[in-house]
Amino acid sequence: MSYKYHPHTPDEVSRMLDLIGVSSLDELYSEIPEELKLHRELNIPSAMSEVEVRQELQRLSDCNRPLVCFAGAGAYDHYTPSVIPYIASRSEFLTSYTPYQAEISQGTLQYIFEYQTLMADLTGMDISNASMYDGATATAEAMMMCVAAAKKRRKVLVASTFAPNVLRVVETYAKFHGVELVKLAVKEGVTDRSDLESRLAAGDVAGVIVAQPNYYGVVEDFTGFADLCHANKALFVMNTRASALPVLKSPGEWGADIACGDAQSLGLPLNYGGPYIGYLCTTKALVRKMPGRLVGATVDADGKRCFVLTMQAREQHIRREKATSNICTAQGVMCLYVAAYLSLMGPKGMQEVCGLSYGGAHYLHDRLLATGQFEEVCPAPFFDEFALRYKGDADALLRACAQQGYLAGVKAEGTTDVLLFAVTEKRSREEIETLTEIIKEFGN
């Protein structure tokens with residue numbers, strides 16, 4: 001009997017050992033020092049029937065306590081249409097993640113191609129790669145693109161209004177690639193333009209990276225930023241949450257050279273933290289500096305439309321020192337989810353989602369301020385996420401809300417009293433009212 005993960009019978013193992021001239025598996029692994037061997041049976045549970053496995057998984061699942069989510073800070077509770085998991089499970093798409101053999105990977109290549117097309121359209125850029133691990137690594141790779149394009153310049157300016165977890169990833173990349181990363185000053189909750197101007201004037205900057213919306217949910221005005229960068233021979237990079245792009249000015253419209261960020265908000269469930277997906281789009285001029293791979297459309301010998309890997313500037317395919325990145329791939333199924341989501345929703349559907357999220361967030365914002373327990377952090381425009389300063393014990397408030405089934409935002413990193421709230425189309429008026437009442441009662 002063959003098993004999916006243990007395909008070889010004892011007889012087959014014996015014949016393979018005979019072929020290489022080894023008498024046993026112990027002899028095969030004899031070069032491994034004894035102190036590195038386990039010398040006991042693995043602690044693996046005994047076999048279960050299918051129904052027993054399902055019951056055990058259900059028992060473990062029941063240990064989780066679902067909460068009504070008003071949290072954001074990088075991961076957002078949007079609705080995933082039920083047809084998407086069905087599409088993702090189809091055999092022509094559910095294939096190996098690396099489509100080296102085009103003739104048997106047309107399904108995979110097609111959805112990657114469609115993903116690239118949709119993301120390029122959404123960001124207003126020329127080209128998208130076949131996705132990244134997440135928004136943080138996509139931002140770090142955008143920084144490396146700036147340095148690669150500038151050649152001799154190794155200084156990159158980054159907005160201090162970025163999410164701290166993204167900044168830490170970018171800082172790690174910078175440290176080990178010899179990049180001088182400089183944080184721009186913040187003024188009234190947004191990037192300080194005067195600080196940007198003075199630093200660009202030094203003439204040694206390779207790129208500038210900003211966030212839209214920023215960590216505190218503020219929608220910043222980047223008018224003239226691209227012109228400033230280009231006048232000083234620096235690239236302009238925008239990290240934008242993908243779900244906001246249908247209603248906010250796109251990176252292409254702002255004049256950005258590179259667009260990056262997290263696309264989890266495009267149909268991927270929260271799923272206890274992942275896997276998620278990062279996007280990276282750019283102009284045609286920078287395509288050779290882009291990491292990862294690109295899928296292109298062509299025709300086969302019979303003139304029929306087909307898809308191929310067009311560019312693979314990775315260390316498996318070229319000399320390591322010439323590779324644009326050491327990232328080998330991303331979770332292809334995440335590309336598929338995003339492509340299916342954008343195709344199903346369309347521009348009108350996405351705008352409706354944004355409208356519902358915007359309306360709910362502003363309603364919650366006003367209701368919370370009306371309790372008298374919060375105050376503004378920065379009076380700036382926001383989309384579907386905002387920050388308020390709580391006048392009491394923020395940790396105690398979050399615990400109290402969780403006990404009543406509500407995930408009432410996230411405490412902003414580096415603060416003791418600032419809470420970030422996010423509202424998506426899934427949150428109803430009744431849920432907003434209930435959360436407000438819970439907070440009012442706790443404060444009293």
Side-chain angles (χ1 to χ4, degrees), residues 1-64 84-112 115 130-134 137 268-269 271-277 292-293 295 300 306-309 312 314-320 323 325-337 340:
M1 181 178 181
S2 63
Y3 296 89
K4 184 174 183 180
Y5 299 108
H6 302 281
H8 303 303
T9 65
D11 180 61
E12 290 171 334
V13 172
S14 178
R15 282 189 283 139
M16 285 189 286
L17 292 173
D18 288 341
L19 185 63
I20 61 175
V22 178
S23 61
S24 66
L25 288 174
D26 287 337
E27 183 181 349
L28 179 64
Y29 297 115
S30 62
E31 293 184 1
I32 298 176
E34 287 299 314
E35 60 268 22
L36 298 181
K37 296 180 181 179
L38 192 59
H39 295 298
R40 62 172 172 80
E41 292 295 322
L42 292 173
N43 184 21
I44 298 176
S46 58
M48 297 182 185
S49 65
E50 180 178 333
V51 66
E52 288 173 326
V53 171
R54 288 184 177 274
Q55 289 170 344
E56 175 62 12
L57 292 175
Q58 186 63 54
R59 183 190 69 79
L60 294 172
S61 177
D62 291 341
C63 294
N64 296 314
I84 293 179
Y86 169 76
I87 292 173
S89 66
R90 289 182 60 90
S91 60
E92 65 266 42
F93 298 136
L94 192 64
T95 56
S96 299
Y97 61 76
T98 303
Y100 287 119
Q101 294 175 273
E103 65 275 17
I104 62 171
S105 302
Q106 285 300 295
T108 301
L109 290 165
Q110 180 179 1
Y111 74 66
I112 292 176
Y115 163 86
S131 86
M132 310 292 288
Y133 285 123
D134 57 21
T137 53
L268 296 180
N271 199 38
Y272 303 98
Y276 294 157
I277 179 175
R293 62 182 182 231
V295 172
D300 62 14
C306 64
F307 303 91
V308 295
L309 282 173
Q312 305 170 76
R314 301 185 293 161
E315 74 279 5
Q316 303 103 303
H317 311 110
I318 59 179
R319 286 181 296 172
R320 179 174 292 276
S325 170
N326 63 356
I327 285 185
C328 298
T329 186
Q331 300 95 333
V333 69
M334 303 296 103
C335 268
L336 176 54
Y337 261 68

Which residues pass the side chain to side chain donor-acceptor pair (under 3.5 Å) test with [X], sequence neighbours left out?
{"X": "S30", "result": "none"}
{"X": "D62", "result": "Q58"}
{"X": "D11", "result": "R15"}
{"X": "E34", "result": "K37, H39"}

Residues in side-chain contact (heavy atoms from CB on, under 4.5 Å) contact with [X], at least two apart in sequence or another chain:
{"X": "L19", "result": "none"}
{"X": "N271", "result": "P275"}
{"X": "L57", "result": "V53"}
{"X": "P85", "result": "Y337"}

Who passes ring pair (Phe, Tyr, Trp, His ring centres under 6.0 Å) against F307, sequence neighbours left out? F113
Find the distance between [atom1] ([X]) and [atom2] ([Y]) and round it off to the nearest 0.5 Å.
{"X": "S131", "Y": "L336", "atom1": "OG", "atom2": "CG", "result": "11.0 Å"}
{"X": "H8", "Y": "M16", "atom1": "NE2", "atom2": "CE", "result": "4.5 Å"}
{"X": "L17", "Y": "S24", "atom1": "CG", "atom2": "OG", "result": "7.0 Å"}
{"X": "Y276", "Y": "L268", "atom1": "OH", "atom2": "CG", "result": "8.5 Å"}
{"X": "L38", "Y": "N43", "atom1": "CG", "atom2": "CG", "result": "10.0 Å"}
{"X": "Y272", "Y": "N64", "atom1": "OH", "atom2": "CG", "result": "3.5 Å"}

Could you name each residue pair satisfying salt bridge (Lys or Arg N to Asp or Glu O under 4.0 Å) that touches residues 20-29, not counting sequence neighbours? none
For E50, the salt bridge (charged side-chain N to carboxylate O under 4.0 Å, His left out) test, sequence neighbours excluded, returns R54
Those residues that, when tested against R40, pass salt bridge (charged side-chain N to carboxylate O under 4.0 Å, His left out) (two or more places apart): none
Would you check if V295 and L309 make a side-chain contact, meaning some heavy-atom pair closer than 4.5 Å? yes
Take a 6.0 Å sphere around CD of E41 and say whether it holds more than 12 heavy atoms from other residues, nucleotides or ligands. no
Scanning both residues in full, the closest heavy-atom pair of I277 with C335 reads CD1-N, 3.7 Å
